[in-house]
Number of protein chains: 2
Amino acid sequence: MGLEERRKRERENRKNAILKAARKLFFEKGFKPVTVESIARKAELSKGSIYLYYNSKEEIYTQILLSDIDKFHDRISDLLQNPSSASEALMRLANIYVDFFLNDRELFRILMTFMLHTSDMNLPEDLNDHIVKTTNKTIGIIEQVLKYGVERGEFPATLNLRQNRNAVWGMLNGIISLHLFTGIEDRRAEVIHGTIKAGLDIFIRGLEISETKETGHGIL
Amino acid sequence: MGLEERRKRERENRKNAILKAARKLFFEKGFKPVTVESIARKAELSKGSIYLYYNSKEEIYTQILLSDIDKFHDRISDLLQNPSSASEALMRLANIYVDFFLNDRELFRILMTFMLHTSDMNLPEDLNDHIVKTTNKTIGIIEQVLKYGVERGEFPATLNLRQNRNAVWGMLNGIISLHLFTGIEDRRAEVIHGTIKAGLDIFIRGLEISETKETGHGIL
DNA sequence: TGAACTATGGTCAGTATATGACCGCTGGTC
DNA sequence: GACCAGCGGTCATATACTGACCATAGTTCA
């Protein structure tokens, strides 16, 4: 209701408008090709105004990635609330993960590079921390789901959690890479989801076979 | 999409916010007791800013009245589109008229004063013109409805249109005055609408009686 | 190879918008 | 009729916005 409050609110709105405009452009073209001028135009502002709200082009970019990561984090956080089965929970997690990157291919590119060589990425520190934290969180959840599967007798009791957790994680990233880096244009979301489902099915069947053969130490 | 366009749009929004805040206050208290400072606070602006958008308190007031009048004008304009009967059309017009003033008692006060002594009101010229135009339009519509009633045999053929038009007009204003000037707080809208309906019923029955007695020259 | 050109992130002097202390006037009080 | 309170309206100051400009890094071409 106040006056100070109104100005604060309007400042926040303007920051969001910039973020929204930038997000769309970055998603379409990646970081480099997007000019600050183009962000300004899309947000119906002048270039100078952009710098009243953010210190650099990179800061805008970072903010977008951070908020995307947070959104993902929120979505997977309540994944284990009431799963009917471990394989269903895995499937849900995989779908969330795929949707996430369909929505921000650039972030996936960064994440993949990050996984390969952490040290020389030169990312802003907070973004770096966020990625590490969320990656660990995601891997942790996969492990929890596997553990849950073991507990309810869905997966063999001898399952090596760490190994299979890594297997799932690797497979997810592998399949998504395959699709996203070989042309997003002609890959409809359903296709990617379908491949992921197929991959997970194979993985889960592998676990069940292992159990019958009593060699259930994982597929890695 | 442009930059100039955004500023224009924001200016318009701010003007509307001021109008909206002012409208509420003027409706509650009338013109005099409302301070520019209070309008500014309600619109989450400083007093000085108000004068960036309007030249005076009076201008704000006038704009509100003008837009109210325009809204009323729009509503009654398509009144004669497809009426089932003349008495129903009269009833609809009466209800629109009552709602109009329930929504802006101050305007009604001005209008009544205006009808009694036009010359010494000292209203801004455009407001003056608007009131004259809309009043004439309203009276004209009443006359048209009566004519329509005569044509379809609902009212006697000998009906004096001008006299009865004035009768309806006077009755409407009289009843509304009665209610609005004797305390709006304890007069629910339904009560006023009820009185209006009763008044119109009496009027219309009078016309019908006139017809059977072949003295249908109106009730005035 | 290096001079000339181009494109773009970031800056800053100038402009537009917003603020609230202040002024002059009016109507009321004693 | 001197004093006061309260309000419409003003204006110096502060904040927000703009786009011409600067520095630099990459690119072209002689």
Side-chain angles (χ1 to χ4, degrees), chain A residues 1-65 106 122-124 127, chain B residues 1-65 106 122-124 127:
Chain A
M1 280 295 275
L3 197 146
E4 202 56 47
E5 188 188 315
R6 191 206 85 229
R7 299 184 91 156
K8 199 174 162 189
R9 196 176 61 231
E10 285 177 355
R11 184 178 170 79
E12 217 50 45
N13 287 345
R14 198 129 284 181
K15 286 190 81 168
N16 286 336
I18 293 170
L19 238 42
K20 187 178 169 189
R23 201 183 181 296
K24 195 156 192 307
L25 292 170
F26 283 139
F27 174 58
E28 280 168 6
K29 311 185 186 181
F31 184 73
K32 190 81 189 311
V34 173
T35 67
V36 176
E37 177 69 27
S38 73
I39 296 174
R41 287 300 144 194
K42 206 173 188 70
E44 294 180 298
L45 287 168
S46 69
K47 187 162 73 160
S49 298
I50 301 293
Y51 289 91
L52 295 172
Y53 297 95
Y54 298 95
N55 295 314
S56 65
K57 179 180 163 184
E58 183 180 286
E59 188 184 325
I60 299 176
Y61 188 62
T62 305
Q63 287 249 353
I64 293 171
L65 298 187
E106 181 69 9
N122 217 11
L123 290 179
L127 180 54
Chain B
M1 280 295 277
L3 198 146
E4 202 56 46
E5 186 188 317
R6 193 206 86 229
R7 300 186 92 155
K8 198 174 162 188
R9 195 176 61 231
E10 286 177 355
R11 183 177 171 81
E12 217 50 46
N13 288 345
R14 199 131 282 182
K15 287 190 81 167
N16 285 335
I18 294 170
L19 238 41
K20 188 178 170 188
R23 201 184 182 294
K24 196 157 190 306
L25 293 170
F26 283 139
F27 173 57
E28 280 167 6
K29 311 186 185 181
F31 183 74
K32 189 83 188 307
V34 173
T35 67
V36 175
E37 178 68 28
S38 72
I39 296 174
R41 287 301 143 192
K42 205 171 188 71
E44 293 179 298
L45 288 168
S46 68
K47 186 162 73 160
S49 299
I50 300 293
Y51 288 91
L52 295 172
Y53 296 94
Y54 298 95
N55 295 315
S56 66
K57 180 179 161 183
E58 183 179 287
E59 187 183 326
I60 298 176
Y61 188 62
T62 305
Q63 287 249 352
I64 293 171
L65 299 187
E106 181 70 8
N122 219 8
L123 290 179
L127 180 56

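Being a predicted model, the structure only gives us computed values, none of them experimental. Chain letters run A, B, ... following the sequence lines, proteins first, then strands; residues in each count from 1.
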- Note on the structure: Assign each of A:Lys32 and B:Ser56 the nucleotide of DNA chain D bearing its closest heavy atom; nearer the 5' end lies the nucleotide of B:Ser56

- Item | side chain to side chain donor-acceptor pair (under 3.5 Å) partners for A:Asn16, two or more places apart | none

- Item | Qualifying residues under side chain to side chain donor-acceptor pair (under 3.5 Å), relative to A:Lys24, sequence neighbours excluded | A:Glu28

- Would you say B:Tyr61's side chain and B:Phe26's backbone share a donor-acceptor pair under 3.5 angstrom? no

- Message: Please check this pair: side chain of A:Gln63 against backbone of A:Glu59, looking for a donor-acceptor N/O pair closer than 3.5 Å.
- Response: no

- Query: Can you pull the contact range of chain B along DNA chain D, 5' to 3', using atoms under 4.0 angstrom from its heavy atoms?
  - Reply: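 It runs D:dC7 to D:dG19.
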
- Task: Specify the residue among A:Arg7 and A:Thr35 whose closest nucleotide of DNA chain C lies further upstream toward the 5′ end.
- Result: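 That would be A:Thr35.
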
- Separation between CG of A:Leu25 and CD1 of A:Ile60, rounded to the nearest 0.5 Å: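 If I round to the nearest 0.5 Å, the distance is 10.5 Å.
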
Output a table of donor-acceptor pairs, distance under 3.5 Å, between side-chain atoms of residues 29-38 of chain A and any protein atom two or more places apart or on a different chain; print 'none' if there are none.
unit_1	atom_1	unit_2	atom_2	d
A:Thr35	OG1	A:Ser38	N	3.0
A:Thr35	OG1	A:Ser38	OG	3.3
A:Glu37	OE2	A:Arg41	NE	2.9
A:Glu37	OE2	A:Arg41	NH2	3.3
A:Ser38	OG	A:Thr35	N	3.4
A:Ser38	OG	A:Thr35	O	2.6

- Query: Does B:Arg6 make a side-chain N or O approach to OP1 or OP2 of C:dA16 shorter than 4.0 Å?
  - Reply: no

Could you pull out all donor-acceptor pairs under 3.5 Å where a side-chain atom in residues 45-53 of chain B meets a protein atom, sequence neighbours excluded?
unit_1	atom_1	unit_2	atom_2	d
B:Ser46	OG	B:Ser49	OG	3.1

- Task: Nearest whole angstrom, please: distance from the P of C:dA18 to the CD1 of B:Ile39.
- Result: 17 Å

- Interface residues of residues 45-54 of chain A with DNA chain D (non-hydrogen, below 4.0 angstrom):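 Correct list: A:Leu45, A:Ser46, A:Gly48, A:Ser49, A:Leu52, A:Tyr53.
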
- Should the pair A:Glu44-B:Arg7 be classified as a salt bridge under the 4.0 Å nitrogen-to-oxygen rule?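 Salt bridge: no.
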
